[in-house]
Amino acid sequence: MIARSPSLSRRRLIAGSVLVAGSAGALVVDPGGAVPAAGAAGDAVEFHGPHQAGIVTPAQDHLHFVAFDVVTNDRTRLAGLLGQWTRAAARLTRGQGAGSLGAVGGPPGAVADDSGETLGLPPAGLTVTLGIGPGLFDRFRFTGRKPAALADLPAFPGDRLDAARSGGDLCLQVCANDPLVAGHTVRNLARIGGGVVRARWSQVGFGRTSVIGPSQATPRNLFGFKDGTRNLDVTDAAMVRKHLWVQPGDGPSWMEGGTYLVVRKLRMVLEAWDRESLGEQEAVVGRAKGTGAPIGRTGEFDAFDVADARIARNAHARLAHPDMNGGARMLRRGYNYVDGTDRSGRMDAGLFFLAYQRDPRTGFIPVQTRLSRHDAMNEYVRPVSSALFAVPPGTSAGGSWAAELFQ
């Protein structure tokens with residue numbers, strides 16, 4: 001039955017089934033382009049809007065991130081690909097195939113325009129978010145259009161970066177509540193990009209490590225501590241405008257309503273961490289492991305006083321606090337990862353850090369500079385991958401990602 005109905009969305013194919021009836025609800029964007037909220041009709045996230053989805057969208061359970069190198073010197077082909085990706089991503093987030101025919105709707109002798117492994121599945125809250133790396137502007141000579149904020153990140157003390165797994169001309173952050181849906185999306189967008197882009201590196205993540213808005217409970221990272229307690233509150237319009245979205249006058253007009261994404265893969269030395277006492281772990285973090293409360297307090301959201309003598313001077317939570325960094329704030333959207341074990345039998349695992357901000361020069365860079373020099377957690381964390389991307393604003397129906405860049 002399913003094979004005979006390729007033009008139907010995955011959600012419609014199972015309409016009325018127990019799966020849809022038991023769904024947690026749709027994710028929609030209100031007319032003002034504010035925070036996506038839970039609905040009751042399914043689990044699709046609106047693709048179009050003033051900002052790209054997957055930023056202030058409540059964080060999904062799974063991540064598949066991929067960075068690409070552009071392998072063509074033809075600007076027209078690159079612009080065409082971004083248009084193809086935009087249309088395909090819009091279809092995929094509605095639960096449809098990557099192409100108009102889907103996996104089984106074309107002639108038997110033709111190559112299908114979707115790989116088909118998600119036939120019969122709902123969209124699973126899928127979001128696809130595009131970023132553009134700094135090197136692309138120099139290569140294609142987008143004169144006067146490279147934002148000053150998109151300069152390469154500086155080298156930080158303690159970095160042990162793998163160049164082959166850092167940087168990139170383009171990136172796709174794909175998030176969903178089903179890892180198969182996320183993987184299917186990356187697979188099909190990479191296929192569409194053949195001859196124009198080549199995958200440079202990728203990362204699969206699970207178990208979100210940040211709170212996106214007050215509706216989500218604070219998750220835990222692989223150190224066992226609550227992570228993202230004081231994340232930027234996306235329901236606070238003034239804070240979001242000040243710290244997240246690029247404003248008129250910040251730089252090139254094509255980035256207005258966009259943001260900047262810092263990506264850092266942080267390998268955690270779990271074996272060393274697990275040998276530390278509870279008291280030592282809490283001193284390193286600056287919060288209680290059980291409750292997430294600041295040292296000396298009882299509640300997770302109790303005020304964090306950076307001058308409190310009970311909190312170590314080099315505690316991570318203290319050094320990362322806005323009061324220690326001129327009020328700098330970012331929207332964190334990280335995930336845990338486990339990539340097996342290394343040759344010594346130690347777990348290759350940690351945090352895939354994703355942080356969105358209005359300007360990394362006033363957001364991530366000053367915070368990381370302080371942390372890299374003084375943070376007690378540096379003994380247990382190794383930065384192994386790093387990248388920075390400009391994330392353009394969203395599109396309207398029929399539009400294309402970063403279209404203004406090519407005008």
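By convention here, the first residue in the shown sequence is residue 1.
- At least one donor-acceptor pair closer than 3.5 Å links the side chain of Arg267 to the backbone N or O of Met347.
- A donor-acceptor contact closer than 3.5 angstrom links the side chains of Tyr380 and Glu276.
- No side-chain donor-acceptor contact under 3.5 Å links Arg94 to the backbone of Ala89.
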Go through the steps to decide whether Thr229 and Glu300 satisfy the test side-chain hydrogen bond (donor to acceptor under 3.5 Å, both in side chains), and finish with yes or no.
-> CA-CA 7 Å; Thr229 296; Glu300 177 185 355; 2.9 Å; yes

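- Of the residues listed (Gln203, His62, Gln60), the one engaging Tyr335 in a side chain to side chain contact (heavy atoms under 4.5 Å, CB included) is Gln60, and it is the only one.
- Residues forming a salt bridge (Lys or Arg N to Asp or Glu O under 4.0 Å) with Arg241 (at least two apart in sequence, or on another chain): none.
- Rounded to the nearest 0.5 angstrom, Leu126 CG and Leu121 CG are separated by 11.5 Å.
- Considering CZ of Phe137 and OG1 of Thr143, their distance stands at 11.5 Å, rounded to 0.5 Å.
- A distance of 12.0 Å separates CG in Leu232 from CZ in Arg332, rounded to the nearest 0.5 Å.
- Asn378 contributes atom CG, which lies 4.5 Å from atom CG of Asp375 (distance to the nearest 0.5 angstrom).
- Closest non-hydrogen pair, Ala149 versus Pro360, comes out as O-CG, 3.3 Å.
- Taking CG of Leu354 as the reference point, atom CG of Leu331 lies at 10.0 Å (rounded to 0.5 Å).
- Residues Thr298 and Thr291 fail the side-chain proximity criterion, which asks for heavy atoms closer than 4.5 Å.
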Given side chain to side chain contact (heavy atoms under 4.5 Å, CB included), test Val262 with Leu153 step by step and report yes or no.
-> CA-CA 9 Å; Val262 170; Leu153 295 174; 4.2 Å; yes

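- In plain terms, the two heavy atoms of Pro252 and Arg145 that are nearest each other are CG-O, 3.5 Å.
- Using a 4.5 Å heavy-atom cutoff, the side chains of Leu136 and Val70 are in contact.
- In summary, the side chains of His374 and Asn314 do not present any donor paired with an acceptor at a separation below 3.5 Å, with no hydrogens or angles considered.
- Side-chain atoms of His51 come within 3.5 Å of backbone N or O of Gly257 as a donor-acceptor pair.
- Looking at Ser344, its side chain never comes within 3.5 Å of a backbone N or O of Arg346 through a donor-acceptor pair.
- Contact check for Arg333 versus Tyr356: side-chain heavy atoms found under the 4.5 Å cut-off.
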Let me see the working for Gln281 and Trp273 under side chain to side chain contact (heavy atoms under 4.5 Å, CB included), right down to the final yes or no.
-> CA-CA 8 Å; Gln281 290 181 353; Trp273 181 259; 3.3 Å; yes

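- Considering only heavy atoms from C-beta on, Arg297 comes within 4.5 Å of Asp305 through its side chain.
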In sequence, state the C-alpha distance, the side-chain angles, and the governing distance for Phe223 and Val285, and then conclude on side chain to side chain contact (heavy atoms under 4.5 Å, CB included).
-> CA-CA 10 Å; Phe223 282 157; Val285 175; 5.8 Å; no

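- Taking the six-membered ring wherever Trp is involved, the centroid distance between the rings of Phe406 and Phe142 falls below 6.0 Å.
- Not one N or O on the side chain of Gln357 forms a donor-acceptor pair closer than 3.5 Å with the backbone of His243.
- Donor-acceptor pairing under 3.5 Å is lacking for the side chains of His321 and Asn325.
- Not a single donor-acceptor pair under 3.5 Å links the side chain of Arg318 to the backbone N or O of Gly286.
- Minimum interatomic distance between Ala402 and Leu82 (heavy atoms only, all atoms of both residues): CB-CD1, 4.3 Å.
- Counting all heavy atoms, side chain and backbone alike, Phe389 lies closest to Gly133 at CD2-N, 3.5 Å.
- Phe353 does not carry Lys265 over the face of its six-membered ring by the limits of under 6.0 Å from the centre and within 45° of the normal.
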Run the numbers on Arg220 and Asp227 for salt bridge (charged side-chain N to carboxylate O under 4.0 Å, His left out), then give the verdict.
-> CA-CA 5 Å; Arg220 294 182 184 270; Asp227 204 338; over 6 Å; no

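- Here the closest non-hydrogen pair linking Ala88 and Leu189 is CB-CD2, 3.8 Å.
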Residues Leu266, Val381; criterion side chain to side chain contact (heavy atoms under 4.5 Å, CB included); working and verdict = CA-CA 6 Å; Leu266 307 175; Val381 174; 3.7 Å; yes

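- Residue Arg191 comes nearest to Asp113 through the heavy atom pair NH2-O, 2.8 Å, listed as atom of the first residue, atom of the second, then distance.
- Judged by distance alone, the side chain of Glu282 and the main-chain N or O of Arg287 form no donor-acceptor pair under 3.5 Å.
- Trp401 and Phe47 have their aromatic ring centers within a separation under 6.0 angstrom.
- Of the inter-residue distances, the one linking Ile132 atom CD1 with Leu405 atom CG reads 5.5 Å to the nearest 0.5 angstrom.
- Two residues are said to be in side-chain contact when any heavy atoms from C-beta on lie closer than 4.5 Å; Phe206 and Asp61 fail this criterion.
- Side chains of Thr341 and Asp348 form no contact here, defined as non-hydrogen atoms less than 4.5 Å apart.
- Asn188 contributes a side-chain N or O that, together with a main-chain N or O of Ser115, makes up a donor-acceptor pair within less than 3.5 Å.
- A side-chain donor-acceptor contact under 3.5 Å links Thr395 and His48.
- A side-chain N or O of Arg264 and one of Ser386 form a donor-acceptor pair less than 3.5 Å apart.
- Residues Leu63 and Val174 fail the side-chain proximity criterion, which asks for heavy atoms closer than 4.5 Å.
- Considering only heavy atoms from C-beta on, Asn177 stays 4.5 Å or farther from Asp43 through its side chain.
- Partners of Phe65 by ring-ring contact (aromatic ring centres under 6.0 Å, His included), not counting sequence neighbours, listed by chain and number: Trp201, Phe352.
- Of the possible polar contacts, one joining the Arg208 side chain to the Ser210 backbone as a donor-acceptor pair under 3.5 Å is found.
- Under 3.5 Å, the side chains of Thr235 and Asp233 contain a donor-acceptor pair of N or O atoms.
- Checking side-chain atoms of Arg370 against main-chain N and O of Met324 turns up a donor-acceptor pair under 3.5 Å.
- Annotation for Arg198: atom CZ does not count as buried by contact number, only 12 or fewer foreign heavy atoms lying within 6.0 Å.
- Sparse packing is recorded around CZ of Arg373, with 12 or fewer heavy atoms of other residues, nucleotides or ligands lying under 6.0 Å away.
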